[in-house]
Amino acid sequence: MLARFGIYVLLNTWIVQALLTYLLGQGGITESALTSFPFFTKYVVLASLVAVILPYAEEILRKCIGVSVSFNADDGKKENEEK
C-alpha cells in the first residue's frame, strides 16, 4: 500500500508540474514560487483535481488495456519423443 501511495504521489507531482509548465506557461518554477500565494493556490487546486482524477484514469486504462502473460512448463518431453 505504501508503494502504491508513493507511485500516486510521484505521478501527481509529475502531472501537475507538466500542466503548470506546458499548459499554464509557468516556466522556471522554483522553491520561492511556492511561497507566493497565487501560485500556491493554483498548485494546490490543480494537484487536488489531479489526485481525484488519477484513480479514475487508472481504472479506465486497466479496463481498456489488458496485458496477459502465460507461461508454458516445457520439461523437454517433446524433444525427447521426436528423437
Side-chain angles (χ1 to χ4, degrees):
M1 186 167 67
L2 187 60
R4 188 176 179 121
F5 175 75
I7 291 170
Y8 275 125
V9 169
L10 286 174
L11 280 174
N12 189 344
T13 305
W14 181 77
I15 290 170
V16 170
Q17 189 74 22
L19 288 174
L20 284 172
T21 302
Y22 299 114
L23 188 65
L24 298 179
Q26 297 281 330
I29 299 171
T30 61
E31 183 181 331
S32 63
L34 290 174
T35 60
S36 141
F37 186 73
F39 178 79
F40 177 75
T41 306
K42 285 181 201 176
Y43 184 85
V44 169
V45 168
L46 196 55
S48 299
L49 288 173
V50 170
V52 169
I53 293 170
L54 196 58
Y56 292 112
E58 178 192 10
E59 185 68 26
I60 290 169
L61 285 174
R62 284 186 189 266
K63 287 183 179 180
C64 293
I65 301 173
V67 176
S68 62
V69 178
S70 62
F71 294 96
N72 186 7
D74 185 18
D75 57 358
K77 288 183 181 176
K78 291 181 182 177
E79 291 179 13
N80 291 337
E81 291 173 1
E82 292 176 4
K83 291 182 180 179

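What you see below is based on every heavy atom in this structure, not just the backbone, and it leaves out hydrogens, waters and symmetry mates.
Clustering ILVMFWY residues whenever any of their side-chain heavy atoms sit less than 4.5 angstrom apart, transitively, puts V50 in a cluster other than the one holding V52. A single hydrophobic cluster is not seen to contain both V16 and L49; linkage of ILVMFWY side chains at heavy-atom distances under 4.5 Å, directly or through other members, places them apart. There is no path of hydrophobic side-chain contacts, each under 4.5 Å, that joins V45 to L20. Residues L54 and I7 fall within the same hydrophobic cluster, defined by Ile, Leu, Val, Met, Phe, Trp and Tyr side chains chained together at heavy-atom separations under 4.5 Å.
Atoms OH and OG1, from Y43 and T13 in turn, are 4.5 Å apart once rounded to the nearest 0.5 Å. Remark: L23 CG to I15 CD1 distance equals 13.0 Å, nearest 0.5 Å.
Residue pairs meeting the side-chain hydrogen bond (donor to acceptor under 3.5 Å, both in side chains) criterion with at least one member in residues 51-67, sequence neighbours excluded: R4-E58, Y8-E58, E58-R62.
The hydrophobic cluster containing Y22, built from Ile/Leu/Val/Met/Phe/Trp/Tyr side-chain heavy atoms closer than 4.5 Å, comprises no other residue.
Checked against side-chain contact (heavy atoms from CB on, under 4.5 Å), S48 has the following partners two or more places apart in sequence or in another chain: V44.
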